[in-house]
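Notes to accompany the following structure.
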Amino acid sequence: MTPDGERVSESESVHEHRVPREDTGGGSAKIAIFQYAAVAVFVFLLARFWDLQVKNPAIYQERAEQNRIRAIPVPAPRGKILDRDGRVIVDNPSSYPLLLNRENLKTAHLREIAAGLNLDYDALLSRLNRFRNRPTYEPIIIKEELTPEELEFVDAHRDPHTFPELTLIRAQRRLYPQNGLAAHVIGYVGEVSEAELDTPDFANFDAGEIIGKDGLERQYNSTLMGVDGQRRVVVDNMGRERQVLDDKAAIPGHDLHTTLDLDLQVVADLSLGNREGAVVALDPRTGEVLAMVSKPEFDPNLFSARIRSKDWNALIQNPDKPLLNRAIQAQLAPGSTFKPIMALAGLETGVIDDKTRIHCSGGATFYGRWFKCWQKRGHGDIDVHGAIVHSCDVFFYTVGNKLGIDRIAQYAEIAGFGHKTGIDLPHEADGVMPSTQWVMRNYHRKWYAGETISVSIGQGAVAVTPLQLAYAIGGIAEGGIWRTPHLVRDAMHPVAFHRSDLKPEDVAQIVSGMYGVVNEGGTGGADRLPGITFCGKTGSAQVASNQLVKALRGSKLAGELKDNGWFVGFAPRDNPEIVVAALLQGGEHGAAAAPIVRDVIKAYFDKQARQSQPIPVLAWLRAPIPAAPSAAKTPEPKAPPSDADLEDR
């Protein structure tokens with residue numbers, strides 16, 4: 001009832017006293033979202049658990065292991081390089097490269113690390129950037145060889161609280177002969193470059209690997225390289241080693257036994273001295289290279305511990321080109337050393353014979369132009385023997401004019417000019433042997449007969465390397481057998497060669513002439529060797545025309561345009577055992593290069609003489625056995641002779 005006494009219905013009473021409630025629709029939606037999110041997270045976790053434990057357990061187990069196991073590389077030593085007598089030319093002394101572990105690397109440490117190790121900070125950053133695509137658990141070498149001061153820095157700072165990124169390992173680095181001895185033959189090593197990684201030869205290599213870059217190191221890289229080992233250790237969260245899991249030893253590379261004779265190599269190097277040029281010594285019976293020198297040289301040890309930018313720039317910007325192997329890459333006019341080839345072509349084709357005589361009055365006219373002989377007063381009437389002995393230009397001008405350029409090219413190419421010899425070294429040059437086809441292919445014009453006159457004395461377009469010259473003359477002296485030059489014997493394959501059916505009498509004429517050069521008052525007479533039938537040929541080759549040299553006389557450039565001096569020789573006269581070619585750039589005359597060849601050939605036969613002598617027997621071994629002592633007096637036993645006593649005797 002109401003206060004006024006009116007009756008209220010039950011339904012109205014309940015309605016009036018009902019407590020108002022908030023709308024629950026929004027809350028239910030939030031709860032539903034939360035429930036769905038929880039289910040999604042659960043499903044995701046379940047899927048990841050399935051992936052981790054069931055689908056790909058090995059992958060994630062490996063990643064987990066990598067977080068606690070550190071793999072430390074054990075670099076394999078390269079094989080040693082030995083000379084023909086087994087003496088070490090290139091060795092591998094111990095060194096201590098420094099690794100940088102990138103897993104726990106703090107970039108803030110890099111500047112101080114670079115300063116302590118005398119590294120360029122920007123170069124260190126660049127090196128790290130180069131390995132950015134490699135797994136971080138793979139350490140990288142940041143310095144191959146540490147000085148004592150740098151070793152002290154590493155020892156003082158590689159604890160877990162300063163630079164835990166640093167790890168010192170033991171390895172072996174390349175040690176080359178001092179003063180660049182045989183540098184161009186041996187070559188050098190270095191890190192494989194990005195460009196090389198894109199080539200088929202190095203497609204299976206990784207960034208940072210050490211490979212041969214030039215010379216024998218490059219040619220026989222697969223032989224010299226070993227297989228790196230690995231040392232796996234357990235480390236804690238501070239990077240400290242706690243346990244060695246396994247230690248896989250490195251497999252060293254194979255030693256390389258070369259044909260070089262260190263004794264001859266040293267003699268050739270000393271004889272050439274500091275002058276620009278090259279020396280090559282071959283055994284024409286086998287094709288073995290006994291010595292090869294190129295000057296100026298470089299120090300391959302600069303490359304053993306990653307060459308510094310300033311050292312590299314100094315090498316490549318040097319106008320004397322010390323990285324150029326002049327023995328196989330210098331392509332220069334051979335001058336009069338080409339005349340034995342001309343004599344061979346003339347005799348073999350019948351253009352001349354041993355009775356042909358040509359008059360030299362100091363020069364001759366061909367195609368309206370005067371070509372002088374080096375001997376201004378002339379040689380008079382001269383035959384092929386005398387023309388080789390005294391190097392008469394007019395004789396060979398006339399022979400060349402009768403032969404024509406294509407027949408000259410035919411015999412020059414048989415002897416090995418105009419194409420690679422096939423030596424087992426990278427980057428050998430082809431040289432140039434002109435012909436009518438050559439000039440059309442390269443210059444799209446015809447060959448003029450007047451050009452043949454200059455080629456006839458080794459001038460004009462013809463260009464050879466010192467190796468090609470030694471190879472050519474050695475093959476002629478062998479009677480027409482040219483064996484491929486090589487620095488490493490291959491027991492599995494015989495030495496390649498090619499043969500030409502030269503007439504023995506023609507070969508004898510050329511050998512006789514070259515013998516006369518040295519032993520019959522010829523242009524190399526000052527360098528005869530008593531007791532050795534030393535044969536040879538001098539050569540002087542112009543670098544620029546006489547008119548240009550005269551115009552520049554007195555200037556600095558004129559000194560750089562001096563004629564090159566050549567000499568090629570072999571011994572003995574019959575069945576030669578050694579042939580040597582020497583190039584002396586700016587030497588002006590072949591007589592200046594001849595002593596180099598003489599010294600090498602003399603050293604060869606001097607060594608043979610020493611080795612043929614019987615080993616002396618110690619005097620005390622040759623002494624008669626004393627009679628047995630009498631029973632009345634027994635002498636005290638004598639002590640055996642000491643090493644010092646033996647040396648004195």
Side-chain angles (χ1 to χ4, degrees), residues 84 259-261 264 280-292 327-328 334 337-350 354 384 388 407-425 428 430-431 433 464-515 517 532-537 568-581 597 600-601 604-605 608:
R84 67 189 300 111
T259 63
L260 289 174
D261 186 324
L264 299 189
V280 177
L282 303 175
D283 184 338
R285 302 167 299 175
T286 62
E288 293 178 358
V289 179
L290 305 176
M292 181 179 286
I328 64 171
T337 59
F338 190 71
K339 290 173 180 176
I341 309 298
M342 290 295 303
L344 176 69
L347 291 167
E348 286 288 305
T349 57
D354 59 339
V384 64
I388 295 175
R407 284 200 287 184
I408 296 173
Q410 176 188 348
Y411 282 90
E413 289 173 0
I414 288 173
F417 292 154
H419 53 81
K420 295 179 176 66
T421 65
I423 190 173
D424 48 348
L425 283 177
E428 182 187 8
D430 288 296
M433 187 58 234
V464 306
T465 67
L467 175 63
Q468 287 176 327
L469 183 58
Y471 172 73
I473 297 300
I476 293 173
E478 274 285 288
I481 302 175
W482 290 268
R483 295 175 176 86
T484 302
H486 56 279
L487 284 148
V488 175
R489 299 188 187 100
D490 185 353
M492 302 299 294
H493 302 91
V495 177
F497 69 93
H498 81 271
R499 182 193 302 270
S500 180
D501 294 326
L502 303 181
K503 300 171 187 174
E505 58 271 24
D506 294 342
V507 172
Q509 278 286 337
I510 295 167
V511 170
S512 174
M514 294 183 70
Y515 176 81
V517 168
I532 299 173
T533 53
F534 176 26
C535 308
K537 183 69 190 78
V568 60
F570 59 87
R573 175 175 177 172
D574 299 321
N575 303 313
E577 300 174 21
I578 182 172
V579 56
V580 184
V597 176
V600 176
I601 289 180
Y604 173 85
F605 287 103
Q608 278 198 333

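A quick note: this is a predicted structure, and the numbers were derived from the prediction, not measured. Just so you know, these numbers use all the heavy atoms, side chains as well, and skip hydrogens, waters and symmetry mates.
- At distances below 3.5 Å, at least one donor-acceptor pair connects side-chain atoms of Trp482 with backbone N or O atoms of Ala472.
- Between Val488 and Asp424, some side-chain heavy-atom pair lies under the 4.5 Å cut-off.
- Note that CG of Asp354 is 9.0 Å distant from CG of Asp506, once rounded to the nearest 0.5 Å.
- The pair Arg489-Glu288 counts as a salt bridge, with a side-chain nitrogen and a carboxylate oxygen less than 4.0 angstrom apart.
- In this structure the side chain of Arg573 reaches within 4.5 angstrom of the side chain of Ser512, judged on heavy atoms.
- Shortest non-hydrogen contact noted between Ala415 and Ile341 is CB-CD1, 4.0 Å.
- At a threshold of 4.5 Å between non-hydrogen side-chain atoms, the residues Leu467 and Pro485 count as touching.
- Partner of Met342 under the side-chain contact (heavy atoms from CB on, under 4.5 Å) criterion, out of Ile408, Val384, Leu347, Ile388: Ile408 alone.
- Rounded to the nearest 0.5 Å, atoms CG (Asn575) and CZ (Phe570) are 11.0 Å apart.
- Under the 3.5 Å distance criterion, the side-chain polar atoms of Asp283 are left unmatched by any main-chain donor or acceptor of Val289.
- The side-chain heavy atoms of Cys535 and Val517, taken from C-beta on, include no pair separated by under 4.5 Å.
- The shortest distance between side-chain heavy atoms of Ile578 and Phe605 falls below 4.5 Å.
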- Message: Apply side chain to side chain contact (heavy atoms under 4.5 Å, CB included) to residues Ile423 and Tyr471 and explain how you reach the verdict.
- Response: CA-CA 10 Å; Ile423 190 173; Tyr471 172 73; over 6 Å; no
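- Heavy atoms only, all atoms of each residue included: Pro340 and Ile473 are closest at CB-CD1, 4.1 Å.
- Across every non-hydrogen atom of Pro466 and Ala327, the tightest pair is CD-O, 3.6 Å.
- Once rounded to the nearest 0.5 Å, the distance linking CZ of Arg285 with CD of Glu577 reads 4.5 Å.
- With rounding to the nearest 0.5 Å, the separation of CG in Asp261 from CG in Leu290 is 6.5 Å.
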- Message: Walk me through whether Thr421 and Glu428 qualify under side chain to side chain donor-acceptor pair (under 3.5 Å).
- Response: CA-CA 8 Å; Thr421 65; Glu428 182 187 8; 2.8 Å; yes
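- With Arg483 contributing its side chain and Ala496 its backbone, the two residues share no donor-acceptor pair below 3.5 Å.
- Taking both residues in full, the closest heavy atoms of Lys503 and Glu348 are given as N-OE2, 2.9 Å, listed atom of the first, atom of the second, then distance.
- Between Leu469 atom CG and Thr337 atom OG1 the span is 4.5 Å, to the nearest 0.5 Å.
- No donor-acceptor pair under 3.5 Å is formed between the side chain of His498 and the backbone N or O of Ile481.
- His486 places a side-chain heavy atom less than 4.5 Å from the side chain of Val495.
- Counting only heavy atoms from C-beta outward, the side chains of Leu487 and Leu260 approach each other to under 4.5 Å.
- Counting heavy atoms from C-beta on, the side chains of Leu282 and Met292 never come closer than 4.5 Å.
- Summarising the geometry, atom CE belonging to Met514 is positioned 9.0 Å from atom CZ belonging to Phe534; distances are rounded to the nearest 0.5 Å.
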- Message: Walk me through whether Val580 and Val280 qualify under side chain to side chain contact (heavy atoms under 4.5 Å, CB included).
- Response: CA-CA 6 Å; Val580 184; Val280 177; over 6 Å; no
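- Remark: side-chain polar atoms of Gln468 are paired, donor with acceptor, to backbone N or O of Asp430 under 3.5 angstrom.
- Closest approach of Gly422 to Thr484, counting heavy atoms only: O-CG2, 3.6 Å.
- Contact between Gly480 and Leu502 at its shortest, heavy atoms only, is CA-CD1, 3.7 Å.
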